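Just below is one structure, and these are the notes that go with it.
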Amino acid sequence: MKPHDRLTDHVRIDSVHLKALQRLSIITIADLLYYLPARYENISDIQSVGGLEKGQEAVVYGQLSGLKTRKAWKSKKPIAEGYVEDGSAKIKIMWFNQPYLAKMYTDGTYVKLAGKVAGSEGKLYLSNPEIELLDSLPIDRHDSIFAGTAAQDDTLYPVYRETKGITSRWLYHSVLKLFEKGILETLIDPIPSTILKKYHLPELSTALIWAHAPKKAKDAEAARKRFAFEEVFYIQIQKAQERAAVSAAQTYTINTEPRHLNAFTTRFPFALTAAQDNAINTILTDFSGTHAMSRLLEGDVGSGKTAVAATTAYAVITSRPPEGVGKKIEYGNLQVAYMAPTEILAKQHFESFIEYFHHLPISIGLITGSGCMKFPSKSDPTKPTKISKAQLLKWVKNGEVPVLIGTHALIYKSVEFKHLAYVIIDEQHRFGTNQRKRLAKKDARMPHLLSMTATPIPRTLALTIYGDLDISLLDQMPAGRKPIKTTIVGPTQTKAMYDHIESELATGRQAYVICPRIAEPDPTKENALNMKSVIAEAKRLKSDIFPSWNITALHGKMNPTEKDKIMKQFAGHKIDILVATSVVEVGVNVPNATNIIIEGAERFGLAQLHQLRGRVVRGTHQAYCFAVTESKSDKTRDRLKALATAKNGFELAEHDLQFRGSGELYGGKQSGLSDLGMDAIRNLKLVEAARTEAKHLVASHPDLARSFPLIAENVTRIGDALHME
Ligand code: ADP
Ligand code: MG
């Protein structure tokens, strides 16, 4: 028996379980071993029904039966009742004043009940117990392989993430079977023992026992830590390898004197913030080195990333060959590619760049799925003009177009540059080294890379999923921006909010209304569901709240042309209120839209709320955000209040990490990290340790695949699972 053998070669599995396992992507023995419990239940305080005594606070596990509602004999108040049975005995349950409970559950359901034992000897019952639904009953403690040795301590049982046709119990017993058959003796730990010792992590076979059948909570914790370390370690190795590949390639060394940039930056209608200045100087330093830059620029919406991109692009396209110092500047020698996530944004960047660069004798190209443009036009040098793709690509290839802006169309095979020195990526999280190499194409030199994002993610997550990049923060907003006024709106306070919006609309402003995305297990149905909710909300607002204003819904089922049309109408103030879901890309700058209502705010992370409200901060008018929540819980209200006080998105992202499950972190789910990996990023020390060791290993073993084949294999596997490209 070997870890890579198919499970079915060694264990008899019926077709129902086989299908379920496939759904969980468990094919091999290793897949099952690495399918770790999601959590553990403590069963030390479980009582058996047979042993219950009057007055006890009891926790029992069992199956429901005989559920019904009746009226109390004297008071005539409704009572829900039933029985719970756990194999040892059966006891009555009574819920007073909660008759609906009997209707909510069905006979035969597995439950955990916690409540007081009342009644009299022989007629005991559980009074108003709290009820929790279970997919299966706890694993009996005597099932454990530790049974008999330390039964006293053996109080944890693993709870796996289940799917139809498979239970925690089944998974647990199958793992134990593999243990009994001696699988642990065949395993080789991929992680060098020096690393394990250094960080006090258990070695593989111990960790597997501790994860699946822990004696103590501490052991389970240590096992989880080891596997979390392992996952982050592999990711960091992959990142370190990418980094090494970039460093090994030749690049364009660009030396720019800051003085030279003044001519460009003084033309901005504003003074750069200190944060922008810093970022620009850091990038210029990177440019002047011999390795290609790999940098992530993180900054809230409106923090001015475009100005940083434009200034550094200027440095590249006006860079002089060393012998040309003092001579006339040679434009168009080096090229810049600027990629945006949508056509609308690409067009917006194209227009900004024309504004910034029109005084220079250079051309700027735009390439998107729906066509190409070039500035300046031959007939009117103050305007851009439409041109054919073939023509544009020809000019890009021979170097006559030094700046090419576009969507994904930029990285099509047909696009070739003459000397691509600098790639700027806006909000494109999944831009990997291979895409970068592909862009460089025949040109052997690796372009410098600046990846820009407004996604506020905590430092540990950034270090992990952007581990191959250096990070610059724009943690400062341009001066004179009025901070957005944020109000948390409870169920009884919507009238004041709508009154406020009404008065804003009356003074000529516009508003966004964001409906929460409705998650749906079947992603193909999700758009339809969300379309319904958005359309319904738009209808409700029109008929009940804002009858005299133009209200339009924007949703994911629309094609890009339709969306574009609606966005244009909104930008042109043909629409007063735009109703959309959080997933619909509303990346366009509409300065007059200064109000945003976010429905179901408690369902979002703070960082995501922050990003949503970022749509309204760009104008000169005072902007308002209303975070509407149905929740009456103080905890929820308190959490949302941080929105009003935090200085920037990063602060809120750290808040999310502290106060919410890390699984709900913005930008985390999309990155493809496992639950365990997401857990790991709550632990800065662990992430830093994995990063240090990974860097060290890659630097000291350029032939990793030969010296550590198991690690190399796992790195490839993890890399495939992560959505990095
Ligand atoms: P983002 O970081 O979201 O991409 P932009 O680059 O689009 O932000 O900038 C938002 C707005 O702020 C633009 O209108 C831009 O001209 C303006 N801006 C950028 N930097 C400054 C600054 N230092 N002072 C004032 N306004 C600025
Ligand atoms: Mg931007």
Side-chain angles (χ1 to χ4, degrees), residues 261-262 264-283 295-314 336-358 366 403 405-407 410 423-429 431 450-457 471-484 512 567 571 585-594 596 607-608 610-623 625 647-650 652-653 666-667:
L261 288 185
N262 283 346
F264 185 74
T265 53
T266 49
R267 295 186 70 262
F268 285 134
F270 46 75
L272 292 173
T273 64
Q276 284 171 316
D277 254 334
N278 274 338
I280 290 168
N281 287 330
T282 312
I283 293 168
R295 185 165 290 280
L296 177 72
L297 181 66
E298 285 192 270
D300 275 354
V301 171
S303 60
K305 295 185 289 294
T306 317
V308 173
T311 307
T312 49
Y314 174 82
V336 176
Y338 190 166
M339 188 161 97
T342 64
E343 288 200 7
I344 307 175
L345 281 171
K347 198 119 188 267
Q348 214 167 358
H349 291 325
F350 181 60
E351 281 155 14
S352 304
F353 267 54
I354 290 173
E355 207 178 300
Y356 296 149
F357 289 90
H358 68 90
L366 173 71
V403 180
I405 297 171
T407 52
L410 251 180
V423 177
I424 303 166
I425 309 285
D426 198 11
E427 283 303 342
Q428 202 78 49
H429 308 243
F431 192 81
L450 183 71
S451 184
M452 307 196 293
T453 180
T455 307
I457 60 173
I471 298 179
S472 286
L473 287 186
L474 290 188
D475 51 4
Q476 186 184 21
M477 277 298 196
R481 289 270 168 82
K482 291 185 196 132
I484 181 163
Y512 296 100
M567 277 320 297
E585 173 67 44
V586 191
V588 178
N589 188 0
V590 183
N592 192 47
T594 53
I596 187 164
Q608 197 183 1
H610 176 72
Q611 220 186 17
L612 287 171
R613 77 175 162 179
R615 284 172 193 168
V616 299
V617 294
R618 297 189 184 203
T620 45
H621 302 286
Q622 175 64 51
C625 166
K647 280 192 289 300
N648 54 48
F650 310 111
L652 289 168
Y666 197 38

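Counting starts at 1 for both ligands and their atoms, following the listed order. Just so it is clear, the model here is predicted, and its values are computed rather than measured. Counting from 1, the numbers follow the sequence of the chain as shown.
- The N/O atoms of Gly299, backbone and side chain alike, include none that comes under 3.5 Å of an N/O atom in ligand 1.
- Ligand 1 has a nitrogen or oxygen under 3.5 angstrom from a nitrogen or oxygen of Ala271.
- In this structure, Asn262 CG and Thr311 OG1 are separated by 10.5 Å, a value rounded to the nearest 0.5 Å.
- In summary, the atoms of ligand 1 found under 4.0 Å from a heavy atom of Ser303, numbered by their order in the structure, are 2 (O), 8 (O).
- Put simply, the side chain of Gln608 never gets that close to the backbone of Thr455: no donor and acceptor are under 3.5 Å apart.
- Neither the backbone nor the side chain of Ala479 has any atom closer than 4.0 Å to an atom of ligand 1 (non-hydrogen atoms only).
- Aromatic ring pairs are classed by plane angle as parallel below 30°, tilted from 30° to 60° and perpendicular above 60°; the pair Phe264 and Phe268 is perpendicular.
- Below 4.0 Å from some heavy atom of Thr273 lie the following atoms of ligand 1, by number and element: 23 (N).
- In this view, Asp300 and Met477, His610, Asn648 satisfy the side chain to side chain contact (heavy atoms under 4.5 Å, CB included) rule, not counting sequence neighbours.
- For ligand 1, the atoms closer than 4.0 angstrom to any heavy atom of Asp300 are 2 (O).
- In this structure Ala340 satisfies the side chain to side chain contact (heavy atoms under 4.5 Å, CB included) test together with Leu345, Ala346, His349, sequence neighbours excluded.
- Shown in contact with Gly302 at under 4.0 Å from a heavy atom are these atoms of ligand 1, numbered in order with element: 1 (P), 2 (O), 3 (O), 8 (O), 10 (C).
- Heavy-atom proximity to Leu272, at under 4.0 Å, picks out these atoms of ligand 1: 23 (N).
- Panel note: side chain Glu427, backbone Ala454; a donor-acceptor pair is recorded below 3.5 Å.
- Note: Tyr356 and Tyr314 fail the aromatic proximity criterion, with ring centroids not under 6.0 Å apart.
- Checked by distance only, ligand 1 and Gly304 come closer than 3.5 Å through their nitrogen or oxygen atoms.
- Under 4.0 Å from ligand 1, the heavy atoms of Gln276 that appear belong solely to its side chain.
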